[in-house]
There are 2 protein chains.
Amino acid sequence: MNEHEAVGDARERLMDAAEALFAPKGIAAVTLRDIAAALGLTHASLYYHFPGGKEELFAAVTERSILRHGEGLRSSMESGGPSIRGKLRGAAAWLLSQPAMDLIRMAETDMPALPPETSRRLMGLVYRELILRLQRELDAAVRSGELGPGTDSGLVAGALVGLVESLHSTPPEALSPGRGRLEMARDLIDIVLKGLDFHEGGRE
Amino acid sequence: MNEHEAVGDARERLMDAAEALFAPKGIAAVTLRDIAAALGLTHASLYYHFPGGKEELFAAVTERSILRHGEGLRSSMESGGPSIRGKLRGAAAWLLSQPAMDLIRMAETDMPALPPETSRRLMGLVYRELILRLQRELDAAVRSGELGPGTDSGLVAGALVGLVESLHSTPPEALSPGRGRLEMARDLIDIVLKGLDFHEGGRE
DNA sequence: GTCTATATAAAGATAGAC
DNA sequence: GTCTATCTTTATATAGAC
C-alpha cells in the first residue's frame, strides 16, 4: 500500500468520475470543469492524465465502458443458465446495473465529435461487445430449437438492447407500484420470446 | 401571395432548420451559429424571432415536434385500419418518416438544460402525445379480445416507441439487403404482437 | 428581418510553480 | 499530481444601423 492509493489510481478515479457524467449526458453536455469539480480538482489537472483533452478522455472512458459491458454480458449470460430466457434475463440485469448507454445519442452526437478512426473503432466495439454477443446466443437458441427457425437474430439483438436501455429513463412514476425496471425488463423479454416461438428446452 | 413568402414564413423556416439539427443531436451539440448557417443567416438574426435565445428556440421546436408526432400518430393509426396490427404498422411508418426522437437523450440531457416548468410541460406532452396514444389503442385491443388480457399496455407502449426509434440509428450496413427500416419495424411488431397473444379480429 | 459590431461568458488548452 | 495564471476559441447575447 502506498501512502494513499495504489499507483495509477488517480487516473482510474478520474475515469470513473468522467464516465458517471459522460455516459448519461454525452460528450457535448459535459465540460472538463464539471468532471474536475466532481473530484475536487481544477480542470487543468485533467490534462496531466489525458494530454489529448476532452476527446481523449471521452474516447478512453467510452472504450472502457463498452469493454466492461461486453465482459459483463458474457458472464451474466453464462450465469443465467442454459436456457435463452435465463441468458437474456442475465443480460438485462447486467445492463440495468450499469449507467444508461444511449446508442442513438452515441451514433448521432458523440461519434461525429470524434476523429473518424476513433469513431469507427468505438462503433465496431459496440457491435462486437453488445449486439454480436446477444446475437450469438440467439443463434445458438435457434439451432437448439429453443427459438423458431425464422428468428432474425441480428434484428432481435439490436431491439433487445434498445428495449432494455430505454427502461433506464423510465421515470419512477411510470413504474407499476412495487415493480422495478428489472421486472419490466423480464416481462418484455417474455413477450419477445413468446413472439419468437420460445420452446423450453428446445427439441430433445 | 406576397412577394416572396407568406407572413411568418421566416419564423417557420427557422424552426424547420432548427429542428433538423436539434432533433437528432440535442440542445447541447447544436449552436445558434449552426442553425443560422443552415439558413444563410448570422446567428444574431435568430434573436429577432426568438428573443429568449437558444432555450426558447429549442423549447418551441421540441413542442411543435411532439405535437406533430401526436397528430401524425393519430392519423396514421386511424388509416392503419381497425386491427391493432394495422394501427401499429401505421404508427411505425409515421415515426420512421420523421427525424429521430431520442427520448433517453431528451430526458437525460435536454430537459435538465431547460427551466423546470418547461421541462415538465414537454415531458408531459411526450407522455400524452406519444405513449398514451399507443397505450389507448393497445387497451382497446385488449378489450376487443385482439390482445391477451394480461397485456401491460403502458409497458408495451413505451417499449414500442423505443424499439422503432432505435431503428433510426441502424446503420445501412446492418440492414438486410433490400429490406429497409420499415420492414424491420414490421417484423418486430409482429414478434411483439405474437408475444401478446394477438388474435386476428378478436372475439366475435 | 437581417446585418455589423461588440460585449460577456464559458470552455478547451498550455506554461510553469509547487 | 495538482495548482494558479493565462491564452485562445467558441458561444450566447445585446445595440444599433440599414
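Chain letters run A, B, ... following the sequence lines, proteins first and then strands; every chain starts at 1.
- Using a 4.5 Å heavy-atom threshold, the side chains of A/Val192 and A/Leu163 count as touching.
- Salt-bridge formation is detected for the pair A/Arg13/A/Asp9: a Lys NZ or Arg NE/NH1/NH2 atom is positioned less than 4.0 Å from an Asp or Glu carboxylate oxygen.
- The pair A/Lys25-A/Asp34 does not count as a salt bridge, with every side-chain nitrogen at least 4.0 angstrom from each carboxylate oxygen.
- Not counting sequence neighbours, the partners of A/Glu78 by the salt bridge (Lys or Arg N to Asp or Glu O under 4.0 Å) test are A/Arg74.
- Legend: ring pair (Phe, Tyr, Trp, His ring centres under 6.0 Å) pairs involving residues 98-120 of chain B, not counting sequence neighbours: none detected.
- The terminal axes of the helix from C/dG1-D/dC18 to C/dC18-D/dG1, fitted over 5 pairs per end, subtend an angle of 10° to the nearest 10°.
- Between B/Thr42 and the phosphate of C/dC3, there is a side-chain N or O to OP1/OP2 separation shorter than 4.0 Å.
- Contact annotation: B/Ser45 side-chain N/O to C/dC3 OP1/OP2 distance is under 4.0 Å.
- The pair A/Arg105-B/Asp110 fails the salt-bridge criterion, with no side-chain N (NZ, NE, NH1 or NH2) lying under 4.0 Å from an Asp/Glu carboxylate O.
- In this structure, CG of B/Leu39 is placed 13 Å from C1' of C/dG1, rounded to the nearest angstrom.
- Taking the charged nitrogens against the carboxylate oxygens, A/Glu137 and A/Arg133 have no contact shorter than 4.0 Å, which rules out a salt bridge.
- The separation between A/Arg13 atom CZ and D/dT2 atom C1' is 12 Å, rounded to whole Å.
- Here A/Arg68 pairs with A/Glu19 under the salt bridge (Lys or Arg N to Asp or Glu O under 4.0 Å) rule; sequence neighbours left out.
- Between the CZ atom of B/Phe50 and the C1' atom of C/dT2 there is a distance of 16 Å, given to the nearest Å.
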Could you encode protein contacts along nucleotides 11-18 of chain C as a string, one character per nucleotide from 5' to 3', using B for base contact, S for sugar-phosphate-only contact and - for no contact, with a heavy-atom cut-off of under 4.0 Å?
BBBB----

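- Atom OH of A/Tyr48 and atom P of D/dC3 are 13 Å apart (whole Å).
- Spacing between atom CD of A/Glu12 and atom P of D/dG1 amounts to 12 Å, rounded to whole angstrom units.
- In this view, B/Ala141 and B/Ile84, B/Glu146, B/Leu147 satisfy the side-chain contact (heavy atoms from CB on, under 4.5 Å) rule, not counting sequence neighbours.
- Distance, B/Leu46 CG to C/dT4 P: 13 Å, rounded to whole Å.
- Taking only side-chain atoms of A/Ala10, from C-beta outward, the nucleotide of D/dT2, C/dT4, D/dC3 with the closest atom is D/dT2.
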